Amino acid sequence: MIKNRKKNLSTEVYALGQHICMSAHKARRGIDQIRRRSYEESLMILELMPYRACYPIFKFVYSYSAAANASHNMSLNEANLVISKAEVNEGTAVKRLKPRARGRSYLIKRPTCHITIVLKDISLYKEFEEYMVYSKKSGLITKKKNKNLTCHDTYSGGGLWDKK
């Protein structure tokens with residue numbers, strides 16, 4: 001049975017970096033900060049964070065793979081890119097032998113990780129939202145676009161502690 005697949009509205013560009021010499025736990029600290037942020041904002045965050053693992057991630061996002069693939073292969077504008085998916089997986093450990101006393105050897109394991117970053121072009125989403133608004137006027141699609149959020153201050157407006 002052949003299933004009908006929906007066309008992907010957005011253009012996704014991904015970059016995969018394998019065997020990067022750092023612990024996956026340390027790399028996740030930097031990756032968690034840039035997930036679901038714009039491309040330019042994520043570069044600023046990675047440049048200013050004090051972790052040593054942020055520099056290889058910055059180079060990976062900026063020049064090596066992700067942005068280069070988006071601009072060169074797909075001819076996408078970097079201002080419209082958003083990091084939609086960023087994940088870090090553990091790689092194989094590089095094993096070295098260090099000589100010790102009495103002719104013995106000591107095994108040193110250097111952890112590696114695999115970083116996957118997916119960039120998505122959001123300009124196509126903006127065009128899709130305009131289509132949704134147009135269809136909503138005709139009555140075909142009933143979708144709430146934005147909700148107005150109000151901030152209530154519990155301390156000054158009576159609130160919880162005024163009850164007897």
Side-chain angles (χ1 to χ4, degrees), residues 3-132 143-151 154:
K3 293 182 179 179
N4 293 331
R5 293 184 181 176
K6 295 181 181 178
K7 288 186 179 180
N8 193 2
L9 291 174
S10 64
T11 305
E12 290 185 351
V13 179
Y14 74 95
L16 177 65
Q18 292 184 334
H19 306 292
I20 298 173
C21 289
M22 75 177 79
S23 154
H25 178 71
K26 291 178 183 177
R28 280 189 194 109
R29 290 194 300 185
I31 290 288
D32 289 341
Q33 298 297 320
I34 65 169
R35 195 174 287 132
R36 291 191 267 333
R37 293 190 188 253
S38 69
Y39 169 73
E40 295 168 349
E41 186 180 1
S42 65
L43 290 180
M44 287 191 308
I45 289 171
L46 286 173
E47 199 170 17
L48 296 174
M49 283 180 65
Y51 303 132
R52 193 189 77 180
C54 289
Y55 181 69
I57 297 169
F58 174 78
K59 287 195 332 186
F60 179 70
V61 171
Y62 178 64
S63 60
Y64 288 146
S65 298
N69 288 347
S71 62
H72 186 267
N73 296 345
M74 301 281 190
S75 66
L76 298 176
N77 189 7
E78 292 179 352
N80 296 330
L81 294 177
V82 172
I83 297 177
S84 64
K85 182 179 177 184
E87 63 181 20
V88 178
N89 298 323
E90 291 183 4
T92 58
V94 177
K95 296 174 184 173
R96 304 276 187 222
L97 292 176
K98 184 174 183 180
R100 302 299 281 187
R102 297 173 139 189
R104 295 190 174 110
S105 60
Y106 179 72
L107 185 67
I108 295 174
K109 293 182 181 179
R110 297 194 62 190
T112 62
C113 65
H114 306 310
I115 298 175
T116 305
I117 294 178
V118 179
L119 293 172
K120 189 179 283 191
D121 187 18
I122 60 168
S123 63
L124 296 174
Y125 276 123
K126 291 178 183 176
E127 294 172 5
F128 183 68
E129 285 180 4
E130 291 172 4
Y131 172 75
M132 294 279 282
K143 180 182 176 185
K144 293 181 181 177
K145 187 175 180 183
N146 290 332
K147 293 182 180 178
N148 293 332
L149 299 176
T150 58
C151 181
T154 57

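Treat the numbers as computed from the prediction; the structure is a model and nothing was measured. Quick note: numbers below take in every heavy atom, side chains included, and nothing from hydrogens, waters or symmetry partners. Positions are given from 1, in the same order as the sequence printed here.
Note that the CZ atom of R29 and the CD1 atom of I31 stand 12.5 Å from one another [nearest 0.5 Å]. Separating the CD1 atom in I57 from the CD atom in Q33 is a distance of 10.5 Å, to the nearest 0.5 Å.
Evaluation of the ring pair (Phe, Tyr, Trp, His ring centres under 6.0 Å) rule for F58 yields Y62 as partners, not counting sequence neighbours. Every residue two or more places apart in sequence or in another chain that forms a salt bridge (charged side-chain N to carboxylate O under 4.0 Å, His left out) with R35 is listed here: D32.
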I83/V118 under side-chain contact (heavy atoms from CB on, under 4.5 Å): CA gap, chis, key distance, verdict: CA-CA 6 Å; I83 297 177; V118 179; over 6 Å; no

Only distances under 3.5 Å count here; give the side-chain donor-acceptor pairs of residues 95-106 to other protein atoms, sequence neighbours excluded, each with its distance to 0.1 Å.
none

Side chains of residues 109-117: which donor-acceptor pairs under 3.5 Å do they make with residues two or more places apart or in other chains?
from	atom 1	to	atom 2	distance (Å)
T112	OG1	T92	N	3.3
T112	OG1	T92	O	2.3
H114	ND1	H19	N	3.2

For residues 40-51, run the donor-acceptor check on the side chains, cut-off 3.5 Å, and write out each pair with its distance to 0.1 Å, sequence neighbours left out.
from	atom 1	to	atom 2	distance (Å)
E41	OE2	R37	NH1	2.9
S42	OG	S38	O	3.2
S42	OG	Y39	O	2.7

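Across S84 and R36, no two heavy atoms sit closer than the pair O-CG, 4.4 Å.
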